[in-house]
Peer 1: 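Sharing a structure below in structure tokens format, with a few things to ask.
By convention in this document, chain letters (A, B, ...) are assigned in the order of the sequence lines, proteins followed by strands, and residues within each chain are numbered from 1.
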Amino acid sequence: MAVPYDFARIEPFWQGYWQREGFAVADTAGSKDLYMLMMFPYPSGDLHVGHGRNYILGDCLFRMFMMQGRRVLNPMGWDAFGLPAENAAIKRNVHPYEWTRANIARMKQQFRAWGILYDWDKELASCEPEYYRWNQWFFLRMLEKGLAYRGRAPVNWCASCHTVLANEQVVSGGCERCGTAVVQKDLEQWFFRITAYADRLLEGLDRLPHWPEKVKVMQRNWIGRSEGAEFTLEVQGRPELGGFRVFTTRPHTAFGMTFTVLAPEHPLVAQITTPGQAAEVSAFVERVRRSTELERLATEGEIGKRGVFTGSYAVNPFTGQAVPIYLADYVLMSYGTGAIMAVPGQDQRDWEFAIAYGLPIIRTVQPPEGWVGEAWTGDGPAINSSWLNGLYMKEAIARATDWLEEQGIGTRKVNYRLRDWLISRQRYWGTPIPVVYCPEHGPLPVSPGDLPVALPTDIEFGGVEGNPLARSASFLTARCPECGREARRETDTMDTFVDSSWYYLRFINPRTADAMFDADRVRRWMPVDLYIGGIEHATLHLLYARFFYKVLNDFGMVPNDEPFEVLFNQGMIVAPSKTTGKLEKMSKSKGNVVAPDELIARFGADTERVYTLFMGPPEKEVEWNDEGVMGAHRFLQRVWAMREAVEARRGVEGEQRADETLLLAMHQTIRRVHEDLGRYKPNTAIAALMELSNVLGELQARASGAALEEAYSALVRLLHPIAPHVTEEVWQALGHAQSLLRSGWPQWDADLLARQEVTVAVQVNGKLRATVSLPRGADGEVCTEAARAAAARWLEGKQVARVVHVPDRLVSFVVRG
RNA sequence: GCCGGAGUGGCGGAACGGUAGACGCCGAGGACUUAAAAUCCUCUGCCCCGCGCGGGCGUAAGGGUUCGAAUCCCUUCUCCGGCACCA
């Protein structure tokens, strides 16, 4: 009776061994081989099995690369600025730095307990001045180039987090962090001009064949490029106003413009409102202004209930007709020009508005025969459109736009959904924006020699709302770089996504003291070859990082313009909700987490690793199942127990047939595991290893000691990336002095596999009727005859009309009668 | 509404257009045990014929292409994700 392996003893032992030996430390001064990277985590404290899935997959690949003799940079660090630390500080009166450092220590220990190896020599934390000073340095360069600017704009405000948010951090009208409904505020804030890179961010996606299509599509949607025309509408009888601009992607429908709509926030509203309409208009504007984004979303589909006539008219330049100017909240100030030409015949929203307000509808595109719907938005010949009549969309758009340009009232225009990146945050725990405000000279950049602008430590957090930096006298007071007189320091800090936009460059040589990163090594080591992380960053981190990298490329600091060659998005682990029972993301706040500590205590880290990698393809979302864990554990115990049988059979002769079967299974398994891990399918690689283990179990009493040990050794080596501790223990017990990490990666014998017999399927009229075993590469005639014999029963008395032979796979008879 | 992705046993999931359900979980029966746990062995998609032999049906639904379809094409349904009064 075999003794179960003592994971509680051996796992810590091997963890210590790997660390002492420094297996994961990469020398980046040398030439590059492979740079793999996991998205660095926010040090929130406890990790659950859902986080583990990410890191375990990475470690599995890393160990495989190591065994294959690759030299791999595989660093880890901490995205260490952010709100939870500050909220913890407010609640418990500990400094965010201490809270963060304690969590980092805890998480490092969890990584270690999972048997995960990182190059800790390269560790960095974004909350350290030697890191964030380079955020400040970069900000100053952006400022110099006009890529950072201060502007007044309606911004998203989260009242619960007491800060503004970037557009990317607003998820269906709520704060990405806490879900609180976001309200619009007009504030002066700092922005990065990411819109200047919109086209390049789009174009670059086409050069990323190894990114998931899903992420590329999400980024394209987010950037939201649309081509069209912009032109001026005059306000009838008010030439001194100069009119207002409208944007449209469908200028060819303009003959059907029967009214026009401004966003309620449009600057012209006050001037064009007639006295008779003033009361109604101001009531409407006030109502819209007070509504949150969420309320606006909730009224979706209620177009027509939320509009008002201004009393003024504009002139449709195509027809010369006067059309009424309305305000409506379905027109957004933040997109295009904040004003539209309304063509109810060709736009469903305009149609509904026209019906509700009794406005005329003129169709300008012929709907297809039998069309019974309302607005027709598809293609068709132009009608009721004078000189455009009969033209189809493409041609009509071109003509209409040319005409606008000839008349000098319009131009071709490209619009984007993407907004500039708002980076100001009214919080303490982030990178101070390096700017001072002089009463004389206005906002001025801190001179580079005065960096870093360090976060003050003399801060009281306890219970007070608002940005604590604004209450720190020592921080607030500065000298004007221009005149030296007393000035006020900027108290906003940077969005933490600034930190994560370039950390992968710093990792390459994180102790670089005199520059943002080691430009020489970066030139050799970038781009990152394999980047692993969650899909939730598709339009956040991954968009910002690409933007930064392109800017750095323009600054001549990096060698290419896309930072991540291969992107792998692992799926979430979900678990039933404690309240509703519906599957949802595993998270501490939802209370449905499985803690790795307990799991490791009961079954060991190797078991968690095997189960995590086995439960499904890693890019898919999967449900955690406690019973599945047992299967993984049993498998490891069987592999462990087999060691005794192998040792006991050393030197024993066996049946030749058994040896052949065993070695064939071994070589097949080597190939399958190699290929499956290479295409990120550890689940099927593990299935292959289980099959080999089953074959070993069946043949252990009949195969020779030598064949048994050869196959078992291959199994143990192939299993190492997946279950590193128990395999090291077995390997050592078998008498090997070297770690498995240094013992090479098994190779399969292609010739042997090519010589094996194959099972050929025999079909009659597409139905499987028999199988025959034949040598690989058997002649077509031989094959067909064997098949004919095997399927004789079904061919009797039938006329064979056709025979399809697929070498080594099947023979298919097509029969009549 | 638009754009992606996915629907395969009781469950997680395998399957270059070529033997559907690998591997694992659950379940059933058996061995070991005083007993239980653990472990090991056998069975385990559905249906029909008493079992076996054998046969039929089966990859969301319906149709098509093909000697052959889970896989390709069309139509429909459902679920998941993203974007969304974007002009």
Peer 1: Taking A/Arg419's backbone N and O only, do any of them form a donor-acceptor pair with A/Asn167's side chain (distance below 3.5 Å, no angle check)?
Peer 2: no

Peer 1: When both hydrogen-bonding distances must be under 3.5 Å and the geometry is Watson-Crick or G-U wobble, what is B/rA60 paired with, if anything?
Peer 2: B/rU76

Peer 1: Under 4.0 Å between a side-chain nitrogen and a carboxylate oxygen: does that hold for A/Glu619 and A/Lys681?
Peer 2: yes

Peer 1: What's the gap between B/rG58 and B/rA70 when it is taken at their C1' atoms, as a whole Å value?
Peer 2: 11 Å

Peer 1: Return whichever of A/Thr248 or A/Lys681 has its heavy-atom-nearest nucleotide of RNA chain B closer to the 5' end.
Peer 2: A/Lys681

Peer 1: Reckon A/Lys767 has a side-chain N or O less than 4.0 Å from the OP1 or OP2 of B/rC57?
Peer 2: yes

Peer 1: According to the interplanar angle, ranging from 0 to 90°, do the rings of A/Phe568 and A/Tyr680 count as parallel (below 30°), tilted (30 to 60°) or perpendicular (above 60°)?
Peer 2: tilted

Peer 1: Just the atom pairs and distances: protein N or O near nucleotides 22-24 of chain B's N or O, under 3.5 Å.
Peer 2:
{"unit_1": "B/rA22", "atom_1": "O2'", "unit_2": "A/Glu691", "atom_2": "OE2", "d": "3.0"}
{"unit_1": "B/rG24", "atom_1": "OP1", "unit_2": "A/Asn694", "atom_2": "ND2", "d": "3.4"}

Peer 1: When rounded to the nearest Å, what value does the distance between P atoms of B/rA15 and B/rA20 take?
Peer 2: 16 Å

Peer 1: When we call it a touch if two heavy atoms are under 4.0 Å apart, what does A/Thr759 touch: a base, just sugar-phosphate, or nothing?
Peer 2: base

Peer 1: What is the distance, rounded to the nearest whole Å, between atom CH2 of A/Trp222 and atom C1' of B/rC3?
Peer 2: 15 Å

Peer 1: Once you round it to whole Å, what is the distance between C1' of B/rU19 and CD of A/Glu757?
Peer 2: 17 Å

Peer 1: Knowing that exactly one of A/Val803, A/Val804, A/Asn765 qualifies, which makes a side-chain contact (heavy atoms from CB on, under 4.5 Å) with A/Phe813?
Peer 2: A/Val803

Peer 1: Please classify the nucleic acid contact of A/Trp794 as base, sugar-phosphate, or nothing, using heavy-atom distances under 4.0 Å.
Peer 2: sugar-phosphate

Peer 1: Could you walk me through whether A/Tyr357 and A/Tyr326 pass the ring pair (Phe, Tyr, Trp, His ring centres under 6.0 Å) check?
Peer 2: CA-CA 10 Å; A/Tyr357 287 84; A/Tyr326 276 77; 5.5 Å; yes

Peer 1: Please state the P separation for the pair B/rC72 and B/rG4 - nearest whole angstrom.
Peer 2: 15 Å

Peer 1: Determine the Euclidean distance between corresponding P atoms of B/rG24 and B/rG62; express it in Å to zero decimal places.
Peer 2: 33 Å

Peer 1: Supply the atom-to-atom distance A/Met341 CE to A/Phe231 CZ, rounded to the nearest 0.5 angstrom.
Peer 2: 5.0 Å

Peer 1: Could you check which nucleotide pairs with B/rG17 in any of the strands shown, counting Watson-Crick or G-U wobble with both distances under 3.5 Å?
Peer 2: none

Peer 1: Between A/Arg349 and A/Glu352, is the closest basic N to carboxylate O distance under 4.0 Å?
Peer 2: no

Peer 1: Atom NZ of A/Lys214 and atom P of B/rC3: how far apart are they, to the nearest Å?
Peer 2: 16 Å

Peer 1: Tell me the interatomic distance from A/Lys413, atom NZ, to B/rC86, atom C1', rounded to whole angstroms.
Peer 2: 13 Å

Peer 1: Strictly below 4.0 Å, N to O, side chains only: are A/Glu691 and A/Arg672 in salt-bridge contact?
Peer 2: yes

Peer 1: Which nucleotide, in any strand shown, forms a Watson-Crick or G-U wobble pair with B/rC25, with both distances under 3.5 Å?
Peer 2: B/rG10

Peer 1: Does A/Arg250 or A/Glu627 map to a spot on RNA chain B nearer the 5' end, using the closest nucleotide for each?
Peer 2: A/Glu627

Peer 1: Provide the distance between the two P atoms, one in B/rA61 and one in B/rU66, to the nearest whole Å.
Peer 2: 23 Å

Peer 1: Output yes when at least one side-chain N/O atom of A/Lys620 is less than 4.0 Å from OP1 or OP2 of B/rG13, else no.
Peer 2: yes

Peer 1: Do any N or O atoms from the side chain of A/Arg609 and from the backbone of A/Pro721 form a donor-acceptor pair under 3.5 angstrom?
Peer 2: yes

Peer 1: What I want to find out is whether A/Glu213 reaches A/Arg220 closely enough, with some N-O distance under 4.0 Å, to be called a salt bridge.
Peer 2: yes

Peer 1: Kindly point out which of B/rA87, B/rC85, B/rA84 is positioned nearest to the side chain of A/Asp329?
Peer 2: B/rC85

Peer 1: Starting at CE of A/Met630 and ending at P of B/rG27, how long is that distance when rounded to a whole Å?
Peer 2: 12 Å

Peer 1: For B/rG9, measure the glycosidic angle (O4'-C1'-N9-C4 for a purine, O4'-C1'-N1-C2 for a pyrimidine) and name it syn if it falls within 90° of 0, otherwise anti.
Peer 2: syn

Peer 1: Between P on B/rC25 and NE2 on A/His633, what's the gap in Å once rounded to a whole number?
Peer 2: 13 Å

Peer 1: Taking only nitrogen or oxygen atoms into account, show me every contact under 3.5 Å that the protein makes with nucleotides 62-67 of chain B, one pair per line with its distance.
Peer 2:
{"unit_1": "B/rC67", "atom_1": "OP1", "unit_2": "A/Arg802", "atom_2": "NH1", "d": "2.8"}
{"unit_1": "B/rC67", "atom_1": "O2", "unit_2": "A/Ser812", "atom_2": "OG", "d": "3.0"}

Peer 1: Could you check which nucleotide pairs with B/rA31 in any of the strands shown, counting Watson-Crick or G-U wobble with both distances under 3.5 Å?
Peer 2: B/rU39

Peer 1: Atom OH of A/Tyr330 to atom C1' of B/rG1: distance rounded to whole Å?
Peer 2: 16 Å

Peer 1: To the side chain of A/Arg809, which of B/rC26, B/rA87, B/rU19 is closest?
Peer 2: B/rU19

Peer 1: For B/rC86, does OP1 or OP2 lie under 4.0 Å from any side-chain N or O of A/Arg349?
Peer 2: yes

Peer 1: When we call it a touch if two heavy atoms are under 4.0 Å apart, what does A/Arg679 touch: a base, just sugar-phosphate, or nothing?
Peer 2: sugar-phosphate

Peer 1: Considering only atom C1', compute the distance from B/rC11 to B/rG45 and round it to an integer number of Å.
Peer 2: 13 Å

Peer 1: Taking B/rG9 as the reference, what is the distance to B/rU75 when you measure between their P atoms (whole Å, please)?
Peer 2: 25 Å

Peer 1: Counting heavy atoms not belonging to A/Arg776, are there more than 12 under 6.0 Å from its CZ?
Peer 2: yes

Peer 1: Name the pairing partner of B/rA70, where a pair is Watson-Crick or G-U wobble with both distances under 3.5 Å, or state none.
Peer 2: none

Peer 1: Could you tell me the separation between the SG atom of A/Cys60 and the CG atom of A/Leu613, rounded to the nearest 0.5 Å?
Peer 2: 5.0 Å

Peer 1: Side chain of A/Pro617 only, heavy atoms from C-beta on: which candidate in B/rC83, B/rA14, B/rC3 is closest?
Peer 2: B/rA14

Peer 1: Using purine N1 to pyrimidine N3 plus N6-O4 or O6-N4 for Watson-Crick, or N1-O2 and O6-N3 for G-U wobble, both under 3.5 Å, which nucleotide pairs with B/rG81?
Peer 2: B/rC3

Peer 1: Mind calculating the distance between CD (A/Gln637) and P (B/rA37) to the nearest angstrom?
Peer 2: 18 Å

Peer 1: Suppose you measure atom C1' in B/rC16 against the same atom in B/rG12; what distance do you get, rounded to whole Å?
Peer 2: 24 Å

